[in-house]
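The shown structure was predicted, so the numbers you read here are calculated from the model rather than taken from an experiment. A note on names: the letters A, B, ... follow the listed sequences, proteins ahead of strands, and every chain is numbered from 1. The basis for the numbers below is simple: all heavy atoms, side chains too, and nothing from hydrogens, waters or symmetry mates.
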2 protein chains.
Amino acid sequence: MTDQLASTLITKLCVSNDLNERDLQALRRLPIQRREYGAREAIVSDRQRPHVCCLVTEGFAFRSKTTFEGQRQVLSLHLPGEIPDLQSLHLHVMDHDLTTLTPCVLGFIAHEAILALNKERPSVAAALWRETLIDAAIFREWLLNLGRRPADARMAHLLIELYYRLKALGRERNGEFELPLTQADLGDCLGLSTVHVNRVLQQLRGDGLIEVERTRFRLVNIPKIEKFSEFDPTYLHLDPKN
Amino acid sequence: MTDQLASTLITKLCVSNDLNERDLQALRRLPIQRREYGAREAIVSDRQRPHVCCLVTEGFAFRSKTTFEGQRQVLSLHLPGEIPDLQSLHLHVMDHDLTTLTPCVLGFIAHEAILALNKERPSVAAALWRETLIDAAIFREWLLNLGRRPADARMAHLLIELYYRLKALGRERNGEFELPLTQADLGDCLGLSTVHVNRVLQQLRGDGLIEVERTRFRLVNIPKIEKFSEFDPTYLHLDPKN
DNA sequence: CGTGGATTTGAGAGAAATCAAATCATGTGG
DNA sequence: CCACATGATTTGATTTCTCTCAAATCCACG
């Protein structure tokens, strides 16, 4: 079933990259080792020196850093088809943690295999490089979010970003999507306390912008949310031309 | 004097990468167009589609994003030898601004030239990719800084990061370095108001951690600052082994 | 049912922003 | 070489946002 794993990767890569049939064939030949993880299990930890990369095939994962006092900052959320620790290909020591959010099916790919593929297919190398650059572009937008937006706009911005990213993978319907984050998790993404997250969500609900029940989010009025949170999807670089 | 320009780049690349003599020769052959800029001049702007990359040879530059209400968030500071818009090689549209901080000597390198070099010298390609990954690693640390550290530790963390980066380039002496940022700029880096920056600096001075006069900063007690700001230089990936 | 995690509510404290004005350079033109 | 304009830093007073602490409620699941 390696092919199953590779096809998730291919789906994701083809969202933002123009790859040809030979590239895809080479990707399908990648040796990927499948493993199942439970929710909230560590995949790789700060300081480790992995020799494999992790492809998220089913489920969600996140990267985070933690303060000495145990305050956590989520750095990024990862959806099926993404390789959250692709940076380890060239950064040999981990500077953060990678953890499953939900139960996951993960595919592990040896660095050597990816490096060999990069050599064989430069356009795949370019696509992978580009994926890490999109990763960084999202970090930049999150910096603006954390540094300069008030809590309510910050929350709205996060939700609509995930809406766009899930939509690109076909995991959204009518502004509605599954997002298995607790309010504490949202706080860790946004640099807010759990209590404040709760109040902000109530406010957004009260303003008729969103509906939430458990882990199901619905963006009721997307144009209004985009305006309110100053959202512009350019930074996601979803179009290979951008 | 293209060689002058290339040598700044080589100095910087060799801080974090193992390159051999043939790599360096290829780098020296890069066609680089020199141009001088004044302070606070736009180099590339949000939405543009550059076909060159910009090498900072002398002076400082910064990347930033701006809110509709004009609130600015500085995303990164760039020192001589760095290529702040290297991401434009694979992300075709700019999602932020790149501006000079001080008067600068810049070297412009055509994308085509870099792509050709990457093809000719895969180890240079790997080094450049790695540089963009270090860039992203710094974004991640800044996310933790903005999201989870109080203003005083946030400031201390920024200063000591710059201390390490300047030191790696030989631009520091006894914890003392030139940093041409106004207090308003520091606020834009840290997501703080100018007034609060001023008060935090006074506090750090009062605690005997730093000395500042105009644009000259001195870190008086580095171990204490590192402890106070929870600084650990791993994320800078200064060592090619890390 | 009972238990533990998640969400919600309330009250109060604290951090940082805002607004406004004063002071301090620094550099320019007369 | 001084008067003045400009930008940067500093100070004070007040407001706003967000956090902390503590407790109550809700909900899924065994």
Reading nucleotides 6-23 of chain C 5' to 3', which nucleotides get B (base under 4.0 Å from a protein heavy atom), which S (sugar-phosphate only), which -?
SSBBBB----SSBB----

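In this pair, B:Phe108 and B:Tyr37 present their aromatic rings tilted. The plane angle is within the 30 to 60° band. In this pair, B:Phe217 and B:Phe177 present their aromatic rings parallel. The plane angle is below 30°, not in the 30 to 60° band.
A salt bridge links B:Arg140 with A:Asp95: the closest approach of a Lys/Arg side-chain nitrogen to an acidic carboxylate oxygen falls below 4.0 angstrom. A salt bridge is absent between A:Arg205 and A:Glu213: the closest approach of a Lys/Arg side-chain nitrogen to an acidic carboxylate oxygen does not fall below 4.0 angstrom. Note on B:Glu211 versus B:Arg218: salt bridge recorded, some NZ/NE/NH1/NH2 to OD/OE distance being below 4.0 Å. Ion pairing of A:Glu82 with A:Arg165 is present here, as a side-chain N (NZ or NE/NH1/NH2) and a carboxylate O approach within less than 4.0 Å.
Helix bend of the helix from C:dC1-D:dG30 to C:dG30-D:dC1: the angle between its two end axes, each built from five pairs, comes to 30° after rounding to 10°.
Counting only N and O atoms by type, the side chains of A:Asn145 and A:Glu141 include no donor and acceptor under 3.5 Å apart.
Pairing each heavy atom of B:Asp188 with each of B:Gln73, the nearest pair is O-NE2, 3.1 Å.
Rounded to whole Å, the distance from CG on A:Leu186 to C1' on D:dC19 is 17 Å.
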